[in-house]
Amino acid sequence: MLLIMSAVFYTDPGMAWNWNTFFYGLALTAIIMIVFFIYRYQRNLSVIRHMQEEEYENLSLEAAFYRQLLDEREKNQIRDLNRIKDKQKEYYDFIVSWFHEIKTPISVLRLMEQTEVDLKSFQEEVAKIEHYVDQALYYSKLDNFHQDYDIQNCELDQLIKKVIRAHSKSFISKKISLQLDAEPITVQSDGKWLQFIFNQLISNALKYTGENGKVTIKTHETSQEKQLTISDNGIGIEKMDLPRIFNRGFSGTNGRTQTKSTGMGLYLAQELSKKLGHYITCTSTAGEYTEFIIHFPKNYDPYLHIK
């Protein structure tokens with residue numbers, strides 16, 4: 001402003017230079033500048049304070065976010081603890097039912113000690129004990145399955161024949177006929193775990209099939225998969241029980257009325273099958289038949305060799 005005023009005075013010859021006017025303008029300009037700087041200072045100070053308040057608010061939001069994370073982690077820990085408790089209860093329930101189950105053949109063996117020993121009956125009771133012990137052993141390994149399996153090429157017909165031989169005395173004592181139609185089919189699985197699955201399904205067929213009944217075992221290959229079928233003409237499964245037969249601890253009407261059951265055999269068979277890449281389905285009509293089918297993938301890896 002002073003420069004403009006000076007330029008006006010010097011360029012306009014009709015205006016006379018007056019120092020008093022100059023200093024008056026200088027003072028007026030200085031006052032305006034001071035007021036302006038004070039205003040700017042106050043405005044900037046307000047902006048800075050507002051920014052600080054926003055920063056504090058952001059910090060509180062971060063704190064709330066961390067709090068939310070901690071709450072979520074605490075909830076996850078509670079859920080993990082509940083799962084562990086459920087697993088412990090599951091183990092406890094299984095062990096209790098297992099003890100009750102295994103006491104029966106042990107009691108029979110003790111009675112045999114006091115009477116004339118029937119060799120066939122003795123062998124049957126020992127086989128039951130072995131089966132229950134195997135069941136408990138495989139159940140204990142279920143959670144650590146990845147540490148104890150060996151996938152290789154397995155011949156279904158050979159494995160199923162081994163399991164049938166182990167149950168031959170039961171077939172004979174109950175006069176149950178066997179129809180075996182097992183064509184040579186190779187699947188990729190763990191032979192040891194697969195035999196346990198076969199053993200469980202054949203045990204069920206023998207348990208719920210009366211004298212002079214029939215068990216049919218066959219292998220089959222479709223365009224989509226390979227199958228092993230185990231069927232019987234026993235007491236069958238009630239329609240209301242059929243959707244739940246693979247549930248953990250479910251014994252169903254047959255398990256409660258016909259014979260004591262832990263309800264863990266089919267659950268273990270299905271869980272092990274899934275871990276091996278297979279699965280089991282079941283169809284049944286009460287009083288007529290029961291059919292279990294183990295479904296195997298069609299794919300075949302030629303680089304795997306039978307050991």
Side-chain angles (χ1 to χ4, degrees), residues 97 101 124 127-128 131-132 134-135 138-139 156-157 159-183 185 187 193-222 225-274 276 278-296:
S97 61
E101 191 84 14
E124 286 179 5
K128 288 181 182 178
H131 173 69
Y132 294 140
D134 284 342
Q135 192 178 79
Y138 280 87
Y139 181 73
L156 281 184
D157 58 319
L159 290 178
I160 198 66
K161 287 176 182 177
K162 287 182 181 179
V163 178
I164 291 172
R165 282 195 292 269
H167 289 277
S168 58
K169 294 181 176 62
S170 296
F171 276 99
I172 295 171
S173 64
K174 295 189 69 175
K175 300 177 182 179
I176 296 176
S177 62
L178 171 67
Q179 179 180 342
L180 179 61
D181 184 15
E183 299 177 358
I185 292 180
V187 298
W193 296 87
L194 205 52
Q195 285 187 70
F196 173 81
I197 296 169
F198 295 164
N199 183 64
Q200 184 59 55
L201 297 181
I202 292 176
S203 295
N204 268 33
L206 290 170
K207 183 187 295 184
Y208 297 114
T209 301
E211 289 190 0
N212 301 313
K214 181 180 180 180
V215 173
T216 302
I217 302 174
K218 61 182 180 179
T219 58
H220 180 62
E221 186 170 356
T222 69
E225 63 181 10
K226 301 172 183 177
Q227 298 177 352
L228 173 72
T229 303
I230 300 175
S231 58
D232 63 75
N233 61 352
I235 61 176
I237 302 172
E238 295 291 339
K239 185 177 180 180
M240 63 179 181
D241 291 340
L242 196 57
R244 298 185 290 167
I245 60 173
F246 295 112
N247 291 356
R248 184 182 63 224
F250 180 75
S251 56
T253 303
N254 295 338
R256 293 188 295 270
T257 59
Q258 298 293 329
T259 180
K260 292 182 179 179
S261 174
T262 60
M264 298 300 294
L266 291 179
Y267 165 75
L268 283 172
Q270 184 72 291
E271 290 300 306
L272 291 173
S273 295
K274 290 179 180 178
L276 290 168
H278 325 316
Y279 68 96
I280 306 173
T281 58
C282 177
T283 56
S284 181
T285 299
E288 295 185 14
Y289 80 98
T290 300
E291 180 180 82
F292 287 95
I293 301 178
I294 306 177
H295 304 261
F296 299 91

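Numbers here are sequence positions counted from 1. The basis for the numbers below is simple: all heavy atoms, side chains too, and nothing from hydrogens, waters or symmetry mates.
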Taking atom [atom1] of [X] and atom [atom2] of [Y], what is their separation to the nearest 0.5 Å?
X: Gln195; Y: Ile202; atom1: CD; atom2: CD1; answer: 10.0 Å
X: Ile185; Y: Leu159; atom1: CD1; atom2: CG; answer: 12.5 Å
X: Phe196; Y: Leu272; atom1: CZ; atom2: CG; answer: 6.5 Å
X: Lys218; Y: Leu156; atom1: NZ; atom2: CG; answer: 14.5 Å
X: Glu238; Y: Ile245; atom1: CD; atom2: CD1; answer: 12.5 Å
X: Ile280; Y: Lys274; atom1: CD1; atom2: NZ; answer: 9.5 Å

Looking only at heavy atoms, which two atoms of [X] and [Y] are closest? And how far apart?
X: Ser170; Y: Leu206; answer: CB-CD1, 3.8 Å
X: Gly210; Y: Ile176; answer: O-CG1, 3.7 Å
X: Ile197; Y: Ser273; answer: CD1-OG, 3.4 Å
X: Cys282; Y: Thr290; answer: SG-CG2, 3.9 Å
X: Phe296; Y: Glu225; answer: O-CB, 3.2 Å
X: Ile160; Y: Ala182; answer: CG2-CB, 4.3 Å

Checking Asp181 against His220: is there a side-chain donor and acceptor pair closer than 3.5 Å? no
Thr281-His295 side chain donor-acceptor pair, cut-off 3.5 Å: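 The criterion, which ignores hydrogens and geometry beyond distance, is satisfied for His295 and Thr281.
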Do the side chains of [Y] and [X] get nearer than 4.5 Å, heavy atoms only?
X: Phe171; Y: Val215; answer: yes
X: Phe198; Y: Ile217; answer: no
X: Val187; Y: His278; answer: no
X: His167; Y: Asn199; answer: yes

According to side chain to side chain contact (heavy atoms under 4.5 Å, CB included), who are the partners of Tyr289, at least two apart in sequence or on a separate chain? Thr283, Thr285, Glu291
Residues in side chain to side chain contact (heavy atoms under 4.5 Å, CB included) contact with Lys214, at least two apart in sequence or another chain: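 For Lys214 the side chain to side chain contact (heavy atoms under 4.5 Å, CB included) partners, ignoring immediate neighbours, are Ser177, Gln179, Thr216, Asn233.
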Please list, chain by chain and in numerical order, all residues satisfying salt bridge (Lys or Arg N to Asp or Glu O under 4.0 Å) with Glu221, sequence neighbours excluded.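 Testing Glu221 for salt bridge (Lys or Arg N to Asp or Glu O under 4.0 Å), a comparison that skips the adjacent residues, returns Lys298.
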